[in-house]
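This report concerns only the one structure given below.
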Amino acid sequence: MAAADSLLNMSIEELTLVKVIIATGMEQTKSDAPATVTLLTEDDIKKTGATNLTDILQTVPGVHIQRSAFGFRPEVRIRGAASTQTLLMINGNPIRDLVWNFGIFWKGMPASAIERVEVIRGPGSALYGADASAGVINVITKTAGKITQNEAGVRAGSLDTQEGFIQYGDQWNDFDVAFTADYSTTNGHDPDIKNIANVRYGYDNQDIRFSLTNKNWQFLANYMRHNNLDTQITGAGFYDPVTSADDERYDLDLIYSDAQFSENWGIKAKLHYQDLDYNSNKGFRETPPDATFPTGRINQMSSSEHQARFDFTANYSGFNEHTITLGSGYNWQDIYQVDQIVNYDGNTYIPPTNIAGTPGAFAPEKSREIRYALIQDIWTLAPDWELTSGLRYDHYSDFGDTFNPRLALVWQTTAKLTTKFLYGQAFRAPNFQELYAITSRSTGNSSLDPEETETIELAVSWQINQQAQLNANLFEYTIDDFIRRDSRRKYQNSGKHKTTGVEIEGRWQLNNKLVFSGNYTWRDPEHNDYRVSEEPEQSAYLRTDWQFLSGWNWDIQANWIADRERAEHDSRKKMSDYTITDTTFRYNGLKNWEFAASIRNIFNENAKDQANIRDNISGAKMDLPLPERNAWAEIRYKF
């Protein structure tokens with residue numbers, strides 16, 4: 001399937017033949033894949049009006065994007081688990097840093113750079129290692145040999161938002177070359193928060209990607225940067241008009257891949273390097289000004305880290321009815337620079353002092369090494385039965401060993417019905433802050449074990465007729481050895497938590513011009529201290545795409561979020577349910593030109609995410625309003 005192909009234009013039978021890689025590391029049809037998989041293509045992303053990765057992920061069953069009041073940072077949560085249980089990768093490289101999960105200033109990534117997104121709902125540690133407990137997301141970017149149409153575009157919209165983007169692919173001697181770039185600037189979401197004036201989450205974003213391909217070799221170089229990023233609300237919930245932060249990341253990949261390296265053998269080898277820098281510049285204003293701290297408590301933080309990794313996999317198909325995958329790798333992770341300048345010591349004012357290298361710093365300058373080995377077997381038991389089993393061993397230099405198995409039985413029950421029985425274990429590695437940092441809010445514990453997850457799942461896919469399909473998934477997972485702070489604020493392994501749920505997806509293709517699709521998720525978490533309190537127990541998504549005239553497409557979609565309970569000791573009233581509706585018109589009937597316009601939150605729903613923003617007068621805790629009605633328009637030119 002070409003990258004630009006639209007899943008909406010495919011028949012139900014064609015959809016069953018669409019291939020994905022994420023489930024086993026090899027191409028398989030979605031119906032054969034030993035996992036619950038969602039695929040999102042470039043064309044489908046455009047039709048929804050999504051301009052950022054986080055916009056499109058909200059269309060996936062079981063996925064909820066929770067916004068933090070700190071920088072309006074998106075947290076990607078799957079099946080009711082915290083975002084720390086989600087493994088997010090770009091071209092197979094985890095984006096997680098060593099302290100802040102997805103990154104303290106993470107904002108997603110521009111949709112213009114994305115070729116496709118593959119999502120597993122369920123564990124993935126047997127193949128991908130750490131953090132793949134609730135799900136795995138792999139974003140595949142536009143690279144050399146895959147860009148078939150050069151394009152440039154501009155977009156402008158509400159909140160003084162402007163964006164320009166380009167994609168270019170060509171051949172140079174024996175090389176395929178490609179280049180994508182996206183630059184945007186926005187004053188940002190400006191929520192109306194009681195007794196706090198002028199909150200505005202503005203930032204600038206740069207995303208530049210270059211790739212070079214020659215036969216079995218591929219080279220990727222990526223650069224991402226945020227400037228002038230307004231965090232606005234501190235972790236403690238106070239208004240912070242001071243911070244204008246930056247972050248910067250670059251990645252390099254050298255890949256050799258040959259599916260027919262020799263008879264019965266295919267191999268893939270990958271060298272990866274990444275460097276990531278954070279800087280709060282003038283610093284976070286952790287508390288408002290008072291008599292002791294005339295400028296407030298100021299906390300200037302910066303850090304730099306890098307990682308180097310080697311991965312090798314080999315696929316062997318010389319056994320009858322079996323395909324064996326062997327893999328191994330090494331990962332070196334290092335925080336090599338930390339600075340933290342503060343003007344306080346507890347409740348006492350001190351001259352600005354760099355506390356880096358002391359136990360009180362937010363993170364230590366430390367490194368860790370990871371070695372792993374894995375084996376996977378895809379066994380065709382019978383024409384309609386396929387069993388996938390796998391086991392991965394990881395050794396961490398700081399906390400030790402972990403083994404994570406998987407087992408998946410796929411049964412083509414009838415020509416129209418597929419049944420999957422899935423089991424897997426996964427883990428989340430403790431980060432450097434949990435292991436080592438000693439701050440006013442927490443104390444690290446170098447004896448921590450990883451969080452462990454065990455999941456069972458039953459998935460059924462039914463092709464009702466030529467126009468309709470229905471999928472249903474029943475799942476249950478238990479997370480054990482949660483990493484939490486105890487009464488002394490020291491991180492400890494403690495407790496377990498179980499969540500049961502149902503996901504239902506449907507699609508009805510009335511004709512080749514009109515498609516209805518949607519999904520519903522029900523989550524039933526145990527009600528204990530380990531429940532993610534602000535996660536919805538129910539959510540639904542509905543979408544209609546109508547090609548009502550030649551060259552015209554009209555998309556309308558709605559996201560419903562319901563039944564979000566407060567934490568055990570939060571006395572505020574239950575959060576209100578909400579439905580946000582968006583619509584996008586797109587026209588490509590003129591040669592080389594394409595036009596689009598989108599309205600987000602058409603009905604101006606008063607939607608909020610749970611937060612602990614402090615009222616400047618009363619000190620009461622308040623929630624975070626989500627964006628009101630806003631709009632954008634864009635023009636693209638193909639050359």
Side-chain angles (χ1 to χ4, degrees), residues 22-25 34-35 81-82 84-89 92-99 101-102 120 122-138 268-274 305-315 324-335 366-377 388-408 423-436 444-455 477-483 491 493:
I22 194 171
T24 61
T84 54
Q85 309 289 345
T86 298
L87 175 61
L88 177 59
M89 305 185 294
N93 300 314
I95 70 162
R96 181 156 303 178
D97 65 23
L98 301 178
V99 178
N101 192 15
F102 291 162
I120 288 177
S125 288
L127 197 59
Y128 297 107
D131 310 319
S133 299
V136 182
I137 300 166
N138 190 29
K268 182 177 180 179
K270 181 179 186 179
L271 280 171
H272 172 75
Y273 176 80
Q274 67 184 47
E305 64 176 69
H306 48 192
Q307 303 185 32
R309 193 176 76 246
F310 173 72
D311 300 298
F312 178 81
T313 56
N315 300 317
I324 307 293
T325 298
L326 302 172
S328 64
Y330 170 81
N331 189 357
W332 173 71
Q333 304 176 337
D334 178 46
I335 298 182
K366 275 187 173 292
S367 63
R368 70 162 35 142
E369 296 178 88
I370 306 166
R371 294 173 173 83
Y372 76 86
L374 67 85
I375 184 170
Q376 175 182 268
D377 176 33
T388 299
S389 56
L391 177 67
R392 174 164 164 153
Y393 165 75
D394 287 82
H395 174 76
Y396 279 67
S397 59
D398 42 23
F399 69 77
D401 305 325
T402 177
F403 291 87
N404 292 275
R406 73 181 294 196
L407 200 63
Y423 170 82
Q425 294 181 14
F427 74 101
R428 180 183 80 83
N431 63 41
F432 280 26
Q433 192 172 63
E434 293 165 335
L435 287 168
Y436 305 117
N445 181 356
S446 60
S447 298
L448 287 174
D449 292 324
E451 295 180 347
E452 298 178 340
T453 303
E454 186 175 44
T455 303
Y477 66 83
T478 300
I479 303 177
D480 199 359
D481 278 339
F482 267 95
I483 299 174
Y491 285 107
N493 290 109

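Predicted model only: the values in this text are computed from it and were never measured.
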Checklist entry - Residues two or more places apart in sequence or in another chain: which of them pass side-chain hydrogen bond (donor to acceptor under 3.5 Å, both in side chains) with Gln433? => result none
Item to check | Gln274 side, atom CD; Arg309 side, atom CZ - distance, nearest 0.5 Å | outcome: 7.5 Å
Checklist entry - Any side-chain donor paired with an acceptor under 3.5 Å for Asp131 and Ser133? => result no
Checklist entry - Side chains of Tyr372 and His395: is there a donor and an acceptor less than 3.5 Å apart? => result no
Item to check | Pair Glu305 + Lys366, salt bridge at N-O below 4.0 Å | outcome: no
Checklist outcome for this item: Taken in chain and number order and not counting sequence neighbours, the residues that satisfy ring pair (Phe, Tyr, Trp, His ring centres under 6.0 Å) with Tyr393 are Phe403
Next on the checklist: For a 4.5 angstrom cut-off between non-hydrogen side-chain atoms, does Asn445 reach Leu435?
Outcome noted: no
Item to check | Smallest separation among heavy atoms of Gly92 and Asn138, with atom names | outcome: N-OD1, 2.9 Å
Checklist entry - Asp334 and Leu98: which non-hydrogen atoms are nearest, and at how many Å? => result N-CD1, 3.7 Å
Checklist entry - With a 4.5 Å heavy-atom cut-off, do Ser446 and Asp398 have their side chains touching? => result no
Checklist entry - Going from CD on Glu452 to CZ on Phe482, what distance comes out if it is rounded to the nearest 0.5 angstrom? => result 12.0 Å
Checklist entry - For Asn315, which residues count as a side-chain hydrogen bond (donor to acceptor under 3.5 Å, both in side chains) partner, sequence neighbours excluded? => result Thr325
Checklist entry - If we ignore angles and hydrogens, is there a donor and acceptor under 3.5 Å between the side chains of Arg371 and Asn331? => result no
Next on the checklist: Assess the residue pair Asn404 and Thr402 against the criterion (side-chain hydrogen bond (donor to acceptor under 3.5 Å, both in side chains)); give the C-alpha distance rounded to whole Å, side-chain angles, the decisive distance to 0.1 Å, and a yes or no.
Outcome noted: CA-CA 7 Å; Asn404 292 275; Thr402 177; 3.1 Å; yes
Item to check | N/O donor-acceptor pair under 3.5 Å between Tyr477 side chain and Pro123 backbone | outcome: no
Checklist entry - By ring pair (Phe, Tyr, Trp, His ring centres under 6.0 Å), which residues pair with Tyr436, not counting sequence neighbours? => result Phe432
Next on the checklist: Going by side-chain hydrogen bond (donor to acceptor under 3.5 Å, both in side chains), name the residues that satisfy it together with Lys268, two or more places apart in sequence or in a different chain.
Outcome noted: none
Checklist outcome for this item: Scanning both residues in full, the closest heavy-atom pair of Ile120 with Ala23 reads CD1-CA, 3.9 Å
Item to check | Pairwise distance CG(Asn431) to CD1(Ile483) - rounded to 0.5 angstrom | outcome: 7.5 Å
Checklist entry - Of all residues at least two apart in sequence or in a different chain, which pass the side-chain hydrogen bond (donor to acceptor under 3.5 Å, both in side chains) check with Tyr423? => result Gln425, Glu454
Checklist entry - Of all heavy-atom pairs between Asp481 and Asn493, which one has the smallest distance, and what is that distance? => result O-ND2, 2.9 Å
Next on the checklist: Between Leu374 and Leu326, is the side chain to side chain contact (heavy atoms under 4.5 Å, CB included) condition met? List the steps.
Outcome noted: CA-CA 6 Å; Leu374 67 85; Leu326 302 172; over 6 Å; no
Next on the checklist: Show, in sequence, the C-alpha distance, side-chain angles and deciding distance for Gln307 and Tyr273, and conclude whether the side-chain hydrogen bond (donor to acceptor under 3.5 Å, both in side chains) test is met.
Outcome noted: CA-CA 6 Å; Gln307 303 185 32; Tyr273 176 80; over 6 Å; no
Checklist entry - Is there a donor in the side chain of Glu451 and an acceptor in the side chain of Gln85, or the other way round, less than 3.5 Å apart? => result yes
Item to check | Plane angle bin for Phe427 and Phe399 - parallel if under 30°, tilted between 30 and 60°, otherwise perpendicular | outcome: perpendicular
Checklist entry - Tell me, do Arg392 and Arg406 make a side-chain contact under 4.5 Å, heavy atoms counted? => result no
Next on the checklist: Any heavy-atom pair between the side chains of Tyr330 and Glu369 that's under 4.5 Å?
Outcome noted: yes
